[in-house]
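Have a look at the structure below, then the notes.
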There are 2 protein chains.
Amino acid sequence: MMKHNHDEILNVVRNELPPDELLCDLSDLFKIFGDTTRMKILFSLFESELCVCAIAELLGMAQPAISHQLRVLKNNKLVDCRREGKTIYYFLADDHVRSIIGQGFDHLTEERMMKNDKKI
Amino acid sequence: MMKHNHDEILNVVRNELPPDELLCDLSDLFKIFGDTTRMKILFSLFESELCVCAIAELLGMAQPAISHQLRVLKNNKLVDCRREGKTIYYFLADDHVRSIIGQGFDHLTEERMMKNDKKI
DNA sequence: TCATCATATGCACCTCCATTCATATGTATG
DNA sequence: CATACATATGAATGGAGGTGCATATGATGA
């Protein structure tokens, strides 16, 4: 018997597949959202701009940990900051943040509704 | 001098912040998209359902690696599968997948347009 | 029921990264 | 210019997860 062949469909798919670099950048972007601490920071900033020590207090974490994560978020243009004396306030840089997280939220809630349906 | 106080705003933010469990689940969901291999698999399935060995061939990776990642995707309801003889075909389970990735895509391209503007 | 193909699973290794600790930078005030 | 506060940075550590290898499961056909 011969191993089954799928060259035709593979050629189609291969042509439509974006370049590796783009796919890497895209997964790198989602990697940012794939951490609880960063997700909490972003949700906090939904409400209001906040200084570093306020976020640290809110999440019950050490200040350097927050600073490291804020740097990641800033490097990826998800947040920006402004200085006011000694204090530095961080805020959301982009409305895509809200819509990306919103889509994820929808998927989660829909998934749970389906689970509940099956239970009934 | 006294350390600066931000209790008022923190109380507001704290009340609006979703429960920890939800924020964990949400970042866990985005973690799925935060891997190049899984991103490639999802993009491939945009075009057509595919069997495991076709995906492995397309990505130039070993079959068990693909199986492991397909399991992750399936456990999180992002893909589903059907059997046809010995072959198992995987396909996208949810249109949220397209819209979540689409939002990420928009953020990337917008970010790049801004970089180009600054260069000019 | 034996051999072959398609896929799944278990385990070990290795890399990546989030956090911590210590310390540096920056800013106002006295 | 010395001190205190706010934040950033660097190095080290510990844990999570992606991949490869070996092997198990499952299905088909002779």
Side-chain angles (χ1 to χ4, degrees), chain A residues 1-6 9-10 20 23-24 27-42 45 49-76 79-91, chain B residues 1-6 9-10 20 23-25 27-42 45 49-76 78-91:
Chain A
M1 195 197 298
M2 235 181 46
K3 295 196 180 187
H4 86 265
N5 183 301
H6 29 52
I9 183 65
L10 274 195
D20 263 41
L23 295 170
C24 280
S27 55
D28 283 346
L29 173 64
F30 284 113
K31 216 168 285 176
I32 313 288
F33 295 96
D35 175 82
T36 311
T37 299
R38 286 191 293 262
M39 185 61 71
K40 287 179 185 174
I41 293 176
L42 292 173
L45 298 181
E49 65 172 12
L50 291 170
C51 62
V52 179
C53 62
I55 301 176
E57 187 180 335
L58 180 64
L59 304 194
M61 294 178 61
Q63 170 267 321
I66 303 299
S67 274
H68 282 304
Q69 297 304 343
L70 284 170
R71 188 152 77 104
V72 174
L73 293 171
K74 191 163 184 287
N75 286 341
N76 287 272
V79 306
D80 208 344
C81 62
R82 66 180 182 87
R83 175 180 283 275
E84 196 177 302
K86 289 176 292 189
T87 308
I88 298 183
Y89 290 96
Y90 281 83
F91 51 89
Chain B
M1 195 200 295
M2 234 180 49
K3 294 198 180 185
H4 87 265
N5 181 302
H6 28 55
I9 184 65
L10 274 196
D20 262 41
L23 295 169
C24 280
D25 291 349
S27 57
D28 283 347
L29 173 64
F30 284 113
K31 215 169 285 177
I32 312 289
F33 295 95
D35 175 83
T36 312
T37 300
R38 287 190 293 261
M39 185 62 72
K40 286 179 185 173
I41 293 177
L42 292 173
L45 298 181
E49 65 172 12
L50 292 171
C51 62
V52 179
C53 62
I55 300 177
E57 186 180 335
L58 180 64
L59 305 192
M61 294 178 62
Q63 170 267 320
I66 304 297
S67 274
H68 282 305
Q69 298 304 343
L70 285 171
R71 188 150 78 106
V72 174
L73 294 171
K74 191 161 184 287
N75 286 341
N76 288 272
L78 299 179
V79 306
D80 207 345
C81 63
R82 66 179 182 88
R83 176 180 283 277
E84 195 175 303
K86 289 177 290 189
T87 309
I88 298 183
Y89 290 96
Y90 282 83
F91 51 90

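Within every chain, numbering begins at 1; the chains are lettered A, B, ... in the order of the sequence lines, protein sequences first and strands thereafter. The figures that follow rest on heavy atoms only: side chains count, while hydrogens, waters and symmetry mates do not.
- Taken over five-pair windows at either terminus, the axes of the helix from C:dT1-D:dA30 to C:dG30-D:dC1 are inclined to one another by 20° (rounded to 10 degrees).
- Within 4.0 Å (heavy atoms only), B:Tyr89 reaches no atom of the nucleic acid at all.
- Distance, A:Leu70 CG to D:dT7 P: 10 Å, rounded to whole Å.
- Distance B:Phe33 CZ to D:dG17 P: 16 Å, rounded to the nearest Å.
- Put simply, CZ on A:Arg83 is 8 Å from P on D:dA8, counting in whole angstrom units.
- For D:dA6, the OP1/OP2 oxygens have no side-chain nitrogen or oxygen of A:Tyr90 closer than 4.0 Å.
- Applying the salt bridge (Lys or Arg N to Asp or Glu O under 4.0 Å) definition to pairs two or more places apart or across chains, those involving residues 49-58 of chain A are A:Glu49-A:Arg82.
- Here the C1' atom of nucleotide C:dA3 and the NZ atom of B:Lys86 are 10 Å apart, to the nearest Å.
- The interatomic distance linking B:Glu84 (CD) with C:dT7 (C1') rounds to 15 Å, in whole Å.
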* **Where protein sits on nucleotides 16-22 of chain C, one letter per nucleotide: B base, S sugar-phosphate only, - none, heavy atoms under 4.0 Å** => --SBBBB
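- In this structure A:Ser27 satisfies the side-chain hydrogen bond (donor to acceptor under 3.5 Å, both in side chains) test together with B:Thr36, sequence neighbours excluded.
- Residues satisfying the ring-ring contact (aromatic ring centres under 6.0 Å, His included) criterion with A:Tyr90, sequence neighbours excluded, are absent altogether.
- Judged as a side-chain contact (heavy atoms from CB on, under 4.5 Å), and not counting sequence neighbours, the contacts of A:Cys51 are A:Cys53, A:Ala54, A:Thr87, A:Tyr89, B:His4, B:His6.
- One atom, CD1 of B:Ile66, and another, P of D:dT19, lie 8 Å apart when rounded to the nearest Å.
- In this structure, B:His4 reaches the D:dA6 phosphate: one of its side-chain N or O atoms is under 4.0 Å from OP1 or OP2.
- Listed by chain and residue number, nothing satisfies the salt bridge (charged side-chain N to carboxylate O under 4.0 Å, His left out) test with B:Asp35 (two or more places apart in sequence, or in another chain).
- For A:Arg71 and D:dT9, the shortest distance from a side-chain N or O to OP1 or OP2 is below 4.0 Å.
- As rounded to whole Å, 12 Å separates atom P of D:dA8 from atom CG of A:Leu73.
- Checked against side-chain hydrogen bond (donor to acceptor under 3.5 Å, both in side chains), B:Asp20 has the following partners two or more places apart in sequence or in another chain: A:Lys40.
- Base engagement by B:Ser67 is indicated by at least one non-hydrogen atom pair under 4.0 Å involving a base atom.
- Atom P of nucleotide C:dT9 and atom CD1 of B:Ile88 are separated by 9 Å, given to the nearest angstrom.
- Here B:Asp28 pairs with B:Lys31 under the salt bridge (charged side-chain N to carboxylate O under 4.0 Å, His left out) rule; sequence neighbours left out.
- Ring orientation note: the planes of A:Phe33 and B:Phe30 are tilted relative to one another, at an angle of 30° to 60°.
- At least one side-chain heavy atom of A:Val72 sits under 4.5 Å from a side-chain heavy atom of A:Gln69.
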